[in-house]
Amino acid sequence: MMRTAQLSWVSFALFLLNLPFSVGIPSKDSKPSCRCMPGDVCWPNVRDWAELNKTVGGRLVSNIPLAHVCHDPSYNKEDCDYLKQQWAFPIIHETSSTSVMMPWFQNASCDPFTPREQQCELGNYPVYSIDVSSADDIAAGVKFAQMKNIRFVVKNTGHDFLGKSAGKGALSLWTSNMKSIAGIKNFKSSYYSGPAVKMAAGVRGADVYPVAKANGLVVVGGSCPSVGLVGGFTQGGGHSILTSSFGMGADQVLEWEVVTADGRRVTATPKENSDLYWALSGGSPGAFGVVVSTTVRAYKDRRFGGAALSFTSSGITNDTFWKAFSSWQAQVPAIVDSGASAAYVLSANLFLIQPLTYPGATEAQTRNLLKPFTDTLDRLKVVYSLNVTSYSNFLDHYSLYLGPLPGGAYPVDRLMGGRLIPREAVTKNNQGVVEALRFLAENTNAYLGFSAIKSNANMAVAANAVLPQWRSSVITSLLQTQWNFSAPHEANVAQLNELNDIVVPKMTEVTPGSGTYLNEANFALKTWKKDFYGVNYDRLLRIKKKWDTKGLFYGPTMVGNDAWVVSGDGRLCRS
Ligand SMILES: Cc1cc2nc3c(=O)[nH]c(=O)nc-3n(C[C@H](O)[C@H](O)[C@H](O)COP(=O)(O)OP(=O)(O)OC[C@H]3O[C@@H](n4cnc5c(N)ncnc54)[C@H](O)[C@@H]3O)c2cc1C
Ligand SMILES: *[C@@H]1O[C@H](CO)[C@@H](O)[C@H](O)[C@H]1NC(C)=O
Ligand SMILES: *[C@@H]1O[C@H](CO)[C@@H](O)[C@H](O)[C@H]1NC(C)=O
Ligand SMILES: *[C@@H]1O[C@H](CO)[C@@H](O)[C@H](O)[C@H]1NC(C)=O
Ligand SMILES: *[C@@H]1O[C@H](CO)[C@@H](O)[C@H](O)[C@H]1NC(C)=O
Ligand SMILES: *[C@@H]1O[C@H](CO)[C@@H](O)[C@H](O)[C@H]1NC(C)=O
């Protein structure tokens with residue numbers, strides 16, 4: 001009796017003090033169905049953490065958010081100004097054990113734009129991280145989280161748009177510093193023979209492209225060089241400017257080295273633990289195990305044709321502008337069928353391709369690929385800018401259009417939505433898709449970006465869990481809205497709502513039966529299960545339950561995530 005009374009008094013006092021950890025209401029301890037949080041009696045004590053720290057060779061970090069230097073008592077003007085400048089770009093977030101790029105999940109708990117007097121709080125950032133350096137460190141972290149019933153997160157670069165690399169009250173494995181890269185001259189197996197590259201968990205495009213080049217090779221990676229190839233990219237599908245020629249990121253995988261939810265180390269290939277291989281290759285990043293390394297196919301480096309092309313609506317009517325765009329979109333199937341890809345953006349008054357990527361092509365061949373389109377532009381009297389290049393290797397092409405390494409060209413102060421555009425939508429209803437895009441360009445604030453690629457299932461090393469709709473699509477749309485750190489929260493929420501209520505549904509209307517790239521989508525999409533995973537969902541869930549029996553691996557929109565709910569205080573509880 002006394003004891004109960006004391007405990008509730010303590011929690012009441014914590015509530016009054018509004019301590020950052022006051023969320024840990026001790027009475028929740030009696031429910032093992034919830035994860036333990038700081039302040040709970042069941043939260044590991046100092047000795048437990050010290051022991052874990054010893055097991056991982058002193059690599060345990062007690063997290064302080066990156067932007068603490070922008071808040072009292074550790075305010076430092078110079079450091080804070082630097083963070084303000086860098087915040088909208090990837091690299092600064094990669095240098096931190098906690099930081100994630102998506103403003104929604106940063107949740108203003110400690111960012112450089114809130115007032116100096118506002119207390120810097122962990123919010124969604126994990127409480128502890130292990131700066132892992134080996135499979136043993138990873139296994140120690142997994143076992144500790146299981147044994148102590150605490151939320152578990154893997155953070156690599158922090159690019160995730162869905163919030164899967166953050167987690168309130170969590171122990172996180174920070175994989176960024178596992179950067180070893182090994183070339184394999186001749187990987188031999190029943191499913192592939194030839195050059196390959198083995199990449200440890202923290203390897204990004206920026207890390208591997210130069211190493212591949214030095215060995216006369218090229219590997220499939222993202223358009224942003226700072227995206228982690230072993231983490232979300234390959235495990236989530238992965239589209240690349242090389243995809244029309246070589247397939248998706250997940251299609252490249254020869255072997256996964258994995259630490260399972262019970263801390264065992266296993267290998268997954270098309271022949272060994274093949275269910276795990278299938279699921280990890282494009283299925284649901286982070287849901288099945290912690291990946292230690294991935295071995296992927298590599299290709300002989302070669303010449304790359306490239307182009308940037310742009311025009312605006314000035315000097316032409318709006319209808320002519322949209323006719324010109326329509327002619328581009330009609331060309332997309334032919335472009336991707338030739339092995340080329342194109343990244344492009346569209347607004348009510350600008351169209352820009354940057355870049356067109358044409359493996360193997362000379363400048364003349366590249367111009368020729370674009371000729372049906374540029375002929376139409378000439379006929380419509382649209383004045384355009386076109387620059388064509390041809391480099392002897394991939395890295396030079398990539399660096400010109402998507403560099404500089406390691407950060408790349410893309411800002412990350414964005415919320416994302418997306419939709420795959422099937423070949424059939426373009427060949428049978430080009431005008432309908434164009435009209436939908438015109439409506440969005442003229443009536444919403446969305447940034448409309450696109451990646452035109454194709455990926456046949458037969459390009460894959462073996463059958464995998466890439467959403468089948470990828471195989472019948474020729475474009476993935478990246479429907480974005482910019483986050484304004486100076487604006488009131490409601491203004492950003494209004495943008496988010498426009499994205500989810502108008503922009504994404506409009507594209508969905510003209511792409512019936514299609515799906516959405518699970519890595520480039522919105523966390524609030526209600527139809528995520530069907531759109532991200534489609535016919536694969538049930539099989540993925542069965543595999544998850546086999547390999548993660550206790551449901552350790554959780555994240556928003558991950559396969560199996562509805563076994564959990566986030567309660568009012570941010571605590572994870574079984575649903
Ligand atoms: C600017 C920008 C450009 C992008 N460009 C492209 C592109 O061109 N093509 C494309 O396909 N995608 C692109 N993406 C999307 C990108 O692929 C995803 O954001 C992806 O999740 C990033 O993976 P990461 O490991 O770098 O990020 P993180 O946010 O660190 O991790 C992503 C997810 O993977 C899990 N994870 C990470 N490492 C491991 C591991 N070792 N084991 C198990 N789980 C792990 C995390 O828990 C999390 O769920 C882009 C994103 C941004 C922000
Ligand atoms: C873990 O040990 C290292 C080395 O002894 C130490 O520097 C670090 O502060 C410790 N981490 C924690 C969270 O105590
Ligand atoms: C952001 O923080 C508020 C409390 O300050 C909380 O109610 C909300 O759920 C959080 N949102 C996210 C996305 O974590
Ligand atoms: C082509 O190059 C010129 C000169 O550098 C530049 O001004 C123009 O913007 C480029 N066009 C495109 C589409 O990149
Ligand atoms: C053309 O489109 C722009 C952008 O939506 C718009 O501001 C302008 O009024 C349109 N012009 C005409 C003549 O309709
Ligand atoms: C961001 O919001 C502020 C405050 O509302 C506003 O002054 C500013 O113009 C906005 N910036 C952009 C790029 O919209």
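As the structure lists them, so they are numbered: ligands from 1, and atoms in each ligand from 1. Residue numbers count from 1 along this sequence. Hydrogens, waters and symmetry mates play no part in the numbers below; they use all other heavy atoms, side chains included.
Of the listed residues (Phe450, Phe246, Tyr517), just one forms a ring pair (Phe, Tyr, Trp, His ring centres under 6.0 Å) with His239, and that residue is Tyr517.
Within 4.0 Å of atom 11 (N) of ligand 5, at least one protein heavy atom is present. Protein non-hydrogen atoms do reach within 4.0 Å of atom 14 (O) of ligand 3.
Here is the list of ligand 3 atoms found below 4.0 Å of a heavy atom in Trp104: 13 (C). Close contacts of ligand 5 with Glu442, meaning ligand atoms under 4.0 Å from a residue heavy atom, involve 5 (O). Close approach of ligand 5 to Ala348 is summarised as follows: ligand atoms under 4.0 Å from at least one heavy atom of the residue are 4 (C), 5 (O).
Of the listed options Asn107, Val566, Asp569, Asn107 places a heavy atom closest to atom 3 (C) of ligand 3.
Closest to atom 47 (O) of ligand 1, if we only count protein heavy atoms, is Val154 O, 2.8 Å. Scanning the protein heavy atoms around atom 13 (C) of ligand 1, the nearest turns out to be Glu520 OE2, 2.9 Å. If you check which protein heavy atom lies closest to atom 11 (O) of ligand 1, you get Tyr517 OH, 2.7 Å.
Residue Asn124 has at least one nitrogen or oxygen atom sitting less than 3.5 Å from a nitrogen or oxygen atom of ligand 3, judged on distance alone. At under 3.5 Å, not a single nitrogen or oxygen of Val227, backbone or side chain, sits near a nitrogen or oxygen of ligand 1.
Only side-chain heavy atoms of Gln235 come within less than 4.0 Å of ligand 1; its backbone N, CA, C and O stay farther off. For Val412, every heavy-atom contact with ligand 1 shorter than 4.0 Å involves the side chain, none the backbone.
Ligand 1 has no atom lying under 4.0 Å from any heavy atom of Pro90.
Counting only distance, with no hydrogens or angles, the side chain of Ser281 and the backbone of Asn464 share no donor-acceptor pair below 3.5 Å.
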